Undergrad: 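The structure follows.
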Amino acid sequence: MAHLPQSLYSAARPEFPYAGKSGQPKWSRFPGIVRCASTESLTSLTQNAAEIELKYMVSQHGWGVRRLRRDDEEEIRRVSLVQAEAFHIPLALFNDFFFLFFQAEVLSGLLYKLKNSPPDRYACLVAEQTSEADTSSSSSVVGVVDITVQTENSVLRHYPGVEEYLYVSGLAVSKAQRRKKMASTLLKACDVICYLWGFKLLALRAYEDDAAARNLYSNAGYSVVESDPPWTSTWIGRKRRVLMTKRIS
C-alpha cells in the first residue's frame, strides 16, 4: 500500500480570511479550498511503491532474485559467464581456449531461449546482493537459474493427470559467493514462478554421487522419484543422475 506524503493532507486545517458583516476580515477553518493530489499523481505514487516492493520475487539472506533483463546485452553476457565458470570442466591443455568456446556455446543457448521462448514458458532468474542493487550494474549478478515449461513423459509418467511441469536447470553461483544460501534463494524464486504461472510441479536432475547438490535440493523440498539405470554409468563421460521433483500446493 502506498503511503502518501503528509503534505497531501490538511491535518492542521489552517484558517482562511473572509469578509464578515462589518467588512472586517474574519478567520475560519472552513471556507477555504484545499488542493488535493490529482488522480494521476496518486496512481504514480502507487505504481512507484509497487515497483519497489516487487523488484525482487524473492529477497532473503541478503540476496534478491529477479528476472534477467532481456534487453541488457551486458547482463546477458554476465549470466553466460557465471554459468560457464560453474559448469566448465578444466582441461590440462588449452584450457583458456576451450573455456572461451564453452562460454560462447552457453551464450548462444541463452540467446536462443530468450528469443524463441514466450515469457510465460521460460525464465532466466538472476541473483544479486540487495545492497548493491541500486548500482544497476550487470557485474552485480552473481547467481543464475533457468526454469522452463516441459512435457517429458519420463517425468509426467510419475504424475498421472499432470500435463506440464517446470524444469529447473543451469543453477550456478559465482565461486566467491558460494555457501552463502544464494542457491536456496534461487530455488525459492523458482517456487514463486511456479505459483505465478499456475503450475503444480517442479522437476530437476542431479548427479547421483553429488551429495552436496542433492542435499541442497532435498532441503528445498525436492525428493528423488527415479534414478538412471545402472548400465548408464558404463558410458564414457556419463554419470548416473537422479530425477527429483517438488509439488507446489
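Computed from a predicted model, the values in this text were never measured in an experiment.
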Undergrad: Which residue pairs pass the ring-ring contact (aromatic ring centres under 6.0 Å, His included) test when at least one of the two sits in residues 74-110, sequence neighbours left out?
TA: His88-Phe99, His88-Phe102
Undergrad: Please name all residues satisfying salt bridge (Lys or Arg N to Asp or Glu O under 4.0 Å) with Lys188, sequence neighbours left out, ordered by chain then number.
TA: none
Undergrad: Which distance, rounded to the nearest 0.5 Å, do you find between the CZ of Arg241 and the CG of Leu243?
TA: 9.0 Å
Undergrad: Can you list every pair that meets salt bridge (charged side-chain N to carboxylate O under 4.0 Å, His left out) and has a residue in residues 83-99, with sequence neighbours left out?
TA: none
Undergrad: What residue pairs, at least two apart or across chains, pass side-chain hydrogen bond (donor to acceptor under 3.5 Å, both in side chains) with a residue in residues 160-173?
TA: Arg121-Glu164, Gln150-Tyr165
Undergrad: Quick one: does Val79's side chain get under 4.5 Å of Val141's, heavy atoms only?
TA: yes
Undergrad: Is the NZ atom of Lys113 crowded by more than 12 outside heavy atoms at less than 6.0 Å?
TA: yes
Undergrad: Any ion pair linking Asp191 and Lys246 (charged N to carboxylate O, less than 4.0 Å)?
TA: yes
Undergrad: How would you list all residue pairs meeting ring-ring contact (aromatic ring centres under 6.0 Å, His included) that involve residues 186-225, not counting sequence neighbours?
TA: none
Undergrad: Just so I know, are the side chains of Ile76 and Leu111 near enough to count as touching, which here means a heavy-atom distance under 4.5 Å?
TA: yes
Undergrad: Arg77: what forms a side chain to side chain donor-acceptor pair (under 3.5 Å) with it, not counting sequence neighbours?
TA: none
Undergrad: Going by an N to O cut-off under 4.0 Å, is there a salt bridge joining Glu75 and Arg66?
TA: yes
Undergrad: Membership question, hydrophobic clusters at under 4.5 Å side-chain separation (ILVMFWY): are Leu186 and Leu81 in the same one?
TA: no
Undergrad: Taking all heavy atoms of Leu156 and all of Val162, pick out the closest pair and write down the distance.
TA: CD2-O, 3.5 Å
Undergrad: Might you work through the side-chain contact (heavy atoms from CB on, under 4.5 Å) test for Val242 and Asp228, ending with a clear yes or no?
TA: CA-CA 6 Å; Val242 294; Asp228 285 343; over 6 Å; no
Undergrad: Donor-acceptor pair, distance only, cut-off 3.5 Å: does the side chain of Gln83 make one with the backbone of Leu171?
TA: no
Undergrad: Measuring only between side-chain heavy atoms, which start at C-beta, is Trp63 closer than 4.5 Å to Gln129?
TA: yes
Undergrad: Please determine if Arg78 and Glu73 form a salt bridge, counting it only when a charged side-chain N lies under 4.0 Å from a carboxylate O.
TA: no
Undergrad: For the residue pair Leu166 and Thr148, establish whether any side-chain heavy-atom pair is separated by less than 4.5 Å.
TA: no
Undergrad: Check the pair Tyr122, Asp146 against side-chain contact (heavy atoms from CB on, under 4.5 Å), reporting the backbone distance first and the verdict last.
TA: CA-CA 7 Å; Tyr122 166 75; Asp146 292 317; 2.8 Å; yes
Undergrad: Side chains of Arg205 and Ser154: is there a donor and an acceptor less than 3.5 Å apart?
TA: yes
Undergrad: Flag the pair Pro119 / Arg67 as yes when at least one side-chain heavy-atom distance between them is below 4.5 Å, and no otherwise.
TA: yes
